[in-house]
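Okay, so here's the structure we're looking at.
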Amino acid sequence: MAVISVAVSFLVIILSLAISSGFRREIRDGISSLTGDIQLTSPQANAYGSDVSVNAEPSFLGGILEMKGVEAVTPAVYRAGIVQNGGDLQGVMFKAVPSADTIPLRVGIPRSLARTLRLAEGDELRAYFIGERVQVRKFTVGSIYEGISDNSGNPVVLASIDDLRRVNGWEEDKASALEITLSDRFRSRRAEKDKAVAIAGYAYGGSTDDDDPVMAVAAVDKYYNIFDWLDLIDFNVLAILVLMILVAGFNMVSGLLILLFRNISTIGTLKAMGMDDRSIAGVFLRVAAKVVARGMLIGNAVALLFCLVQHLTHFVHLNPDNYFVSYVPVRVDLPQLLLVDALAFAAIMLIMLLPSLFIARVDPADTVRVK
């Protein structure tokens with residue numbers, strides 16, 4: 001029973017860590033692909049991405065690319081629109097970035113939009129762009145992708161950058177924003193905000209009269225509600241971690257006490273033979289450590305097997321409207337897993353020092369009987 005209790009506790013701990021890390025990576029990558037980690041936009045830009053443009057290749061671009069942690073800077077064009085399929089209408093945000101794979105009048109749509117409008121690859125999609133005059137375009141659905149919505153809840157439709165520039169009436173050197181992608185080590189909440197401040201300062205100091213004014217917005221600020229939700233998940237994981245360690249620890253305390261009670265006469269005999277309390281406690285703690293290690297290995301093995309199956313099959317599904325993704329994402333961070341295993345093992349062993357105090361109360365005169 002002690003082995004089962006420890007195994008279940010470690011199973012819950014590893015699954016909690018893997019799912020929390022999976023959510024953070026999946027949503028973080030989804031947001032990065034949606035808007036970049038940091039956006040450089042015009043201070044006068046609106047949510048529709050059609051009023052004000054910025055230079056697609058400003059004079060300070062090379063300096064930003066050389067900044068530590070910056071992996072790429074990509075010009076992007078946005079335009080809000082309404083798409084129609086039959087009698088169904090849906091507000092969307094069109095987005096385009098330079099890509100050799102982009103085909104004119106062909107779009108990629110998220111799976112949520114495909115379900116709402118009952119669209120499949122190859123179907124025709126009519127789009128309306130509202131401005132001084134209504135512009136109509138007939139697109140073809142070229143692909144369907146898994147993705148998250150922006151802050152407005154509008155699905156993001158991926159289109160050709162030339163198509164959107166024509167809709168906005170822009171030249172080839174104009175864009176709605178410059179999307180900056182950061183390396184993983186700069187994707188924490190604090191680091192990303194600091195990097196946005198540094199990039200904004202550099203863009204301001206390095207710009208010329210020919211450059212459009214820009215401001216830097218970090219994704220963690222633009223999507224603060226999503227990151228608050230991720231922080232809440234991390235807090236819940238910490239609570240689960242502490243709770244499972246306590247459950248496993250006190251179950252092991254019960255098991256060790258039973259072991260001590262059953263061996264009172266043995267303890268008395270060992271004391272009578274001259275063994276001190278610390279040495280006797282070490283014997284029983286080594287037995288308990290083997291039980292904990294066995295349960296830890298079983299729990300880890302089952303958890304890793306579940307993570308592998310879930311990663312390959314996505315058999316546990318979620319409602320993307322509530323969880324931003326359509327399945328339970330898992331990610332195993334091996335150094336993190338080993339660290340948590342070590343800390344949990346050490347904590348459980350510390351808890352088990354409590355029943356070992358019982359050994360000092362055993363009197364050989366009461367437990368050893370000479371026949």
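Please read these numbers as outputs of a predicted model, since none were measured by experiment.
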For this session: Check the pair Arg24, Asp231 against salt bridge (Lys or Arg N to Asp or Glu O under 4.0 Å), reporting the backbone distance first and the verdict last.
Result: CA-CA 9 Å; Arg24 185 167 290 279; Asp231 290 342; 3.3 Å; yes
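- To the nearest 0.5 Å, the span separating CD on Gln84 from CD on Gln90 amounts to 12.5 Å.
- Taking CD of Gln44 as the start and OG of Ser53 as the end, the distance is 11.0 Å to the nearest 0.5 Å.
- Note on Leu343: it does not cluster hydrophobically with Phe250, by side-chain heavy-atom contacts below 4.5 Å among ILVMFWY residues.
- Rounding to the nearest 0.5 angstrom, the gap separating the CG atom in Leu238 from the OG atom in Ser16 is 11.0 Å.
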For this session: Quick one: do Phe10 and Phe345 satisfy ring pair (Phe, Tyr, Trp, His ring centres under 6.0 Å)? Show the steps, please.
Result: CA-CA 10 Å; Phe10 274 92; Phe345 182 87; 8.1 Å; no
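- Tyr327 and His314 have parallel rings, their planes meeting at less than 30° on a 0 to 90° scale where 60° marks the start of perpendicular.
- Using a cutoff of 4.0 Å between basic side-chain nitrogens and carboxylate oxygens, Arg189 and Asp221 are not scored as salt-bridged.
- Two different hydrophobic clusters hold Ile13 and Leu308 under the rule that ILVMFWY side chains link at heavy-atom gaps under 4.5 Å.
- Qualifying salt bridge (charged side-chain N to carboxylate O under 4.0 Å, His left out) partners for Asp163, counting only residues two or more places apart in sequence or in other chains: Arg166.
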Acceptor/donor pairs from residues 64-75 side chains to any protein atom, 3.5 angstrom cut, sequence neighbours excluded:
none

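- Salt-bridge check for Arg118 with Asp123: failed, with every basic side-chain N at 4.0 Å or more from each acidic carboxylate O.
- Taken from CG in Leu61 to CD1 in Ile180, the straight-line distance is 8.5 Å, to the nearest 0.5 Å.
- Applying the side chain to side chain donor-acceptor pair (under 3.5 Å) rule to pairs touching residues 194-203 yields Arg190-Asp194, sequence neighbours excluded.
- A 6.0 Å sphere centred on CD of Gln336 holds more than 12 heavy atoms belonging to other residues, nucleotides or ligands.
- Separation of atoms CD (Gln39) and CD1 (Ile199) is listed at 12.0 Å; rounding is to 0.5 Å.
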